[in-house]
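Following: one structure in structure tokens, then a few remarks.
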Amino acid sequence: MFTIGDFARHGRVSVRMLRHYDAIGLLHPARVDPHTGYRFYTADQLALLNRVIALKDLGFTLEQVGAILDEKVDADELRGMLRLRQAELEAAMAEARARLAQVGARLRAIESEGRMSTQDVVVKKIPAVRIAELSAVAESFGPQHIGPVIGPLYDELCGRLEAAGLTGFGPGIAYYEDAGRGDDSVLVHAGMTVPEGTAVEGVEVHVLPGIEEAATVVHRGSMDTILPTAQTLARWIEANGYETRHYARELYLECPEDRSQWVTEIQEEIVRA
């Protein structure tokens with residue numbers, strides 16, 4: 001048998017917690033010395049302790065944990081509950097990371113106000129190009145909604161192009177339009193430039209019209225950090241007497257595995273105000 005201190009160390013819990021579990025009837029010691037009152041536990045009781053802690057981590061109250069254990073939750077049931085909770089926590093962490101990236105992008109935009117050079121903005125004609133594309137609707141044009149949609153679209157698109165035996169396609173071109181639902185939703189088009197005659201089942205192939213006059217700027221870095229660059233372009237457009245009528249396009253010039261090394265050209269159609 002183990003003393004309460006040894007059992008607490010093996011179970012990675014506090015002695016105080018074990019005393020509380022004993023007091024509420026959740027986990028009694030295997031034996032209590034009648035003279036000293038010292039509590040002793042067996043190694044077999046670690047299994048019960050593990051279940052208590054796991055159920056607590058699932059979000060159950062101690063009262064609920066006791067009721068669940070009284071119903072004799074087996075290992076398979078508990079494993080399933082833990083996997084579900086694990087998936088929920090991973091999703092919450094991914095959402096938190098995305099929100100942190102958005103906060104960082106806004107902060108960088110604020111810090112760069114009036115300091116980012118607009119001299120790199122170039123006005124040019126964008127030629128028409130043949131693309132293969134997949135599309136889907138995002139809840140809004142915000143990065144927290146675009147990212148989770150456009151990433152899987154490109155994964156699926158490239159997979160289909162490769163499965164069709166196509167190589168050397170690209171670069172990628174993304175463009176956007178209102179989804180026509182009367183809300184903030186946006187239709188996301190994820191495209192890759194392809195040669196004439198390309199045909200892939202389940203993939204739309206068409207000619208993306210050119211832009212007669214576009215204000216363009218090159219962004220270097222992850223798309224999570226594009227906001228200051230995009231807003232610098234917006235300031236240049238207004239300062240030079242232009243206006244825009246559509247969402248900007250994104251031409252992915254270089255997309256290495258390290259996203260901080262990406263090179264993207266933002267292309268925004270402009271007309272005189």
Can you name the side chain to side chain donor-acceptor pair (under 3.5 Å) partners of E269, sequence neighbours left out?
none
Within the 3.5 Å criterion, strictly below it, is a donor on E265 or Q267 matched to an acceptor on the partner's side chain?
yes
Around atom CZ of F141, are there more than 12 heavy atoms of other residues, nucleotides or ligands at under 6.0 Å?
yes
Roughly how far, to the nearest 0.5 Å, is the CD1 atom of I126 from the CG atom of L251?
8.0 Å
Under the side chain to side chain donor-acceptor pair (under 3.5 Å) rule, collect the residues that match up with S140, sequence neighbours excluded.
H145
F7 side chain near L49 side chain, heavy-atom distance below 4.5 Å:
yes
Among residues at least two apart in sequence or on other chains, which ones pass side chain to side chain donor-acceptor pair (under 3.5 Å) with T42?
none
Among V32, D22, L18, which residue meets the side chain to side chain contact (heavy atoms under 4.5 Å, CB included) test with I4?
L18
How about V217 and V122: do any of their side-chain heavy atoms sit closer than 4.5 Å?
no
Do V271 and Y242 come close enough that some side-chain heavy atom pair is under 4.5 Å?
no
Charged N to carboxylate O below 4.0 Å: is that the case for E268 and R245?
no
Side-chain donor-acceptor pair present, E250, Y252, cut-off under 3.5 Å
yes
Run the ring-centre check on Y175 versus Y247 and record whether the distance is less than 6.0 Å.
no
Please tell me whether E177 and H189 have a donor and an acceptor in their side chains that are separated by less than 3.5 angstrom.
yes
Would you say the ring centroid of F2 lies under 6.0 angstrom from that of F40?
no
Would you indicate whether E196, at its atom CD, is surrounded by more than 12 heavy atoms from other residues, nucleotides or ligands within a distance under 6.0 Å?
no
